[in-house]
Amino acid sequence: MPELPQDHPPVLRVAIDVPLHRLFDYAAPETIAPEALKPGQRLAVPFGSTQKIAYLVGVEEVSEVSRKQLKPVTRILDQAPLLAPDDLRLLHWAARYYHHPLGEVFAAAFPVGLRQGKAAILDLPIRYVLTDAGRALDSAGLHRAPKQKQLLEALQNSPNGLSEEQLAAVENWRPALKQLLAKDWVKIGDGDMPADAALPLIKGTPIECNPEQSAAISEVCDGLGRFGVFLLEGVTGSGKTEVYMQIIREVLERGQQVLVLLPEITLTPQLENRFRQRFAVNIAVSHSKLTDTQRQTAWLSMQQGVCSILLGTRSALFTPLPRPGLIILDEEHDTSFKQQEGFRFSARDVAIVRGKLLNIPVVLGSATPSLESLYNAQSGRYRWLQLPNRAGNASAPRVRLLDIRNKALHEGISAALLAEIRQTLDKNEQVLLFLNRRGFAPTLICHDCGWVARCAHCDANLVIHFREQKLRCHHCAGEQPIVKFCPSCTGSTLTPLGLGTERVEQVLPTLFPGKTVIRLDRDTTQRKGSLEKYLRQINEGQADIILGTQMLAKGHHFPNVTLVAILDTDSGLYSIDFHSAEKLAQMIVQVIGRAGREDKPGTVILQTRHPEHPLLTTLIREGYNGFARQALDERRAAALPPFSHQALLRVQASDAFRPKVFLEEVKKLAGKLQAGETLILGPVAAPMAKRAGLYRYQLLFQDVNRQALQQLLDSLTPAIDKMKKEKHLRWSLDVDPVDLY
DNA sequence: AGCACGCCGACT
DNA sequence: GTCGGCGTGCTC
């Protein structure tokens, strides 16, 4: 028993999940040996009048707080830290870089249950496995019972067995499984899920690769075991997934784990299935549609090394990896990798820092890389791997700008486009229409007096939702029934103005009688599984016209679509946010990737009133890389990111004047504090000056020198915290903002 | 963020 | 008389 110095029991410095830029000290329990205390352990502590979960940051000799003010820790929750030292380093780095309270950063790294103090016990769901008889059975004999045959084959492909959740991939699986159980071909698996080391790794056969794919695979594989960032730029259909899988195979053969991060909407079961067909290892999945328990299971199964692959979204980034081998971040340009509230981290940027700390490669994949990543690739900081060719025989679609100046539009569709759609439908091929606005119409206007239905809480018009007969604000929870008479002049000529997906959906059947229309937007895909259902219907040919918002463009494949049109191309052309050109170009290229597969060449039509706009003409003439070159030149000339670094300080309050006054004070203070020459722009009203009843202002900091900006923010944030004492106001700092709204 | 303390308006 | 509104301040 080591000696416990009673006069100087150690001080435990902890981070707590509260929005305070400060740590708290506690007295260590007298019965515990100091060696048993390691940073990262979760503790239960008294905090104010409640109990909270705390994360041990360090064991100190002394505290700035007097000894008798230190409360004792209630309980130590983890015998050993759940996070490795490198991951703790990562959290410290992120808290500093994003100027976010360490306790909240720690909280973001843990699943909800562990955040609340639940025991870190891996509770695996029950699995069904084949009996010897079931394993020996030829599934062909079950052709009269297709569900049973499907389940049996799935189980024969999964030596580890399958959970109920996985079996649910077969519709109405329960009765069929009951039969298999009754026939003694299937039993409930006993004991733990077998550890991966004991398993064969691969079962599917790799697809043969073209030279570019092979080159990419071997470059990354040569880099395994040390840090490096690879930008894998592959046009749609160039076989990026196959490249990922063959690299992953190598990592698995080294006995290491792989973290695959995907944007929220792309996380389709298709990708998971491809992985499960190829690899026999245990695969964990984590995204927002799962329950907290399921996500905790995924986290712990990686943490304990039971699974070797994790497919997850942004929040899965911090999952512990005892045998880290590789991080892949697919669709790296996607802005859903940036958390937009609270701890505003970029999963892409933090993934790179994590790769560096773990000394493993990071692969960023995209058909339309962000300008930041392209710049890093061009300047040699990242290795640039390009897959310029579509795999197989697929030919690139024809892209055309359709000038709609002075052209009559029928519900947003020009006569020329109408004719193209008819032709395509006549050939029994599918049409995809994009309109980036949901609802029926974005405005309800009175013909007599010009009154417009506006949200009482936001600087925004109310959007008409025809089916529900509601006027709804897309920026807050506000909604009301559609008014029949003008509240201003009592006139009855209220007219919907503008276009939404719902309105186009209504008119399409009259334009194309007998054709089936499927609308895909946030309103039609809210229910769990409905997006998957629609996607299946589309690919089974049960739809002629697919109409939707941008969510359609992301990662879904529609092999029978040969005509794609963007109805409202121009809406992204002239925006105050300099990111919008990049986002529009990425969207257009992603859309182009939806058209034409295999033997059927596709056509893409962009309706525009600005057919000479350089963004559009360059994009079409020279492709995404031509656009990117031009856009980077413009960014360089204007000293915008990636040629400078930004941070956006947002303030909101229910009082209309306070935010501006407050930010003016901050600006004055920042001018005094700074030693360098950080540009301070503003304060200006946020593009939507009032939202959900709160008035919003912002102040933009910009500097070519990241260090200087970082230092200014370091000294400024505590000062802001003190100033805030004059209440009634909330502020947040967004480092590297991707959305200036 | 919670939560308690505190000081002014309409209720049994 | 007091129940409760949410403004203010604190959390080792």
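Chain identifiers are assigned alphabetically (A, B, ...) following the order of the sequence lines, protein sequences preceding nucleic acid strands; residue numbering begins at 1 within each chain.
Note that the CG atom of A:D17 and the OH atom of A:Y55 stand 6.0 Å from one another [nearest 0.5 Å].
At most 12 non-hydrogen atoms from other residues, nucleotides or ligands lie less than 6.0 angstrom from NZ of A:K356.
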Yes or no on side-chain hydrogen bond (donor to acceptor under 3.5 Å, both in side chains) for A:D577 and A:S575, after CA distance, side-chain angles and deciding distance? CA-CA 5 Å; A:D577 188 341; A:S575 166; 5.9 Å; no
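Rounding to whole angstrom units, NE2 of residue A:H21 and C1' of C:dC10 are separated by 17 Å. Nucleotide C:dC12 holds its C1' atom 5 Å from the OH atom of A:Y26, rounded to whole Å. Note: CG (A:D25) to P (C:dC12) measures 11 Å, nearest angstrom. Put simply, CG on A:D721 is 14 Å from P on C:dC10, counting in whole angstrom units. If you measure from atom CD of A:Q116 to atom P of B:dA1, you get 18 Å, rounded to the nearest angstrom. Atom CZ in A:F24 sits about 9 Å away from atom C1' in C:dC10, given to the nearest Å. In this entry the distance linking OH of A:Y55 with P of C:dC12 reads 17 Å, nearest Å. Atom C1' of nucleotide B:dA1 and atom CD of A:Q51 are separated by 17 Å, given to the nearest angstrom.
Ion pairing between a basic and an acidic side chain is recognised when a charged N comes within 4.0 Å of a carboxylate O; A:E664 and A:K660 show such pairing. Salt bridge status for A:D736 with A:R706: present, with a side-chain N to carboxylate O gap under 4.0 Å.
Base contact: A:R22 has a heavy atom under 4.0 Å from a base atom. Counting non-hydrogen atoms under 4.0 angstrom, A:L20 reaches a base of the nucleic acid.
If you look at A:F318 and A:W299, their ring centroids are not closer than 6.0 Å.
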Enumerate all atom pairs, one protein N or O and one N or O from nucleotides 2-5 of chain B, separated by less than 3.5 Å.
| from | atom 1 | to | atom 2 | distance (Å) |
| --- | --- | --- | --- | --- |
| B:dC3 | O3' | A:S49 | OG | 2.9 |

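Contact between the side-chain N/O atoms of A:R67 and the OP1/OP2 oxygens of C:dC12 is not found at any separation under 4.0 Å.
Between A:H92 and A:F106, the angle of the ring planes goes over 60°, which puts this pair in the perpendicular group of the 30/60° scheme.
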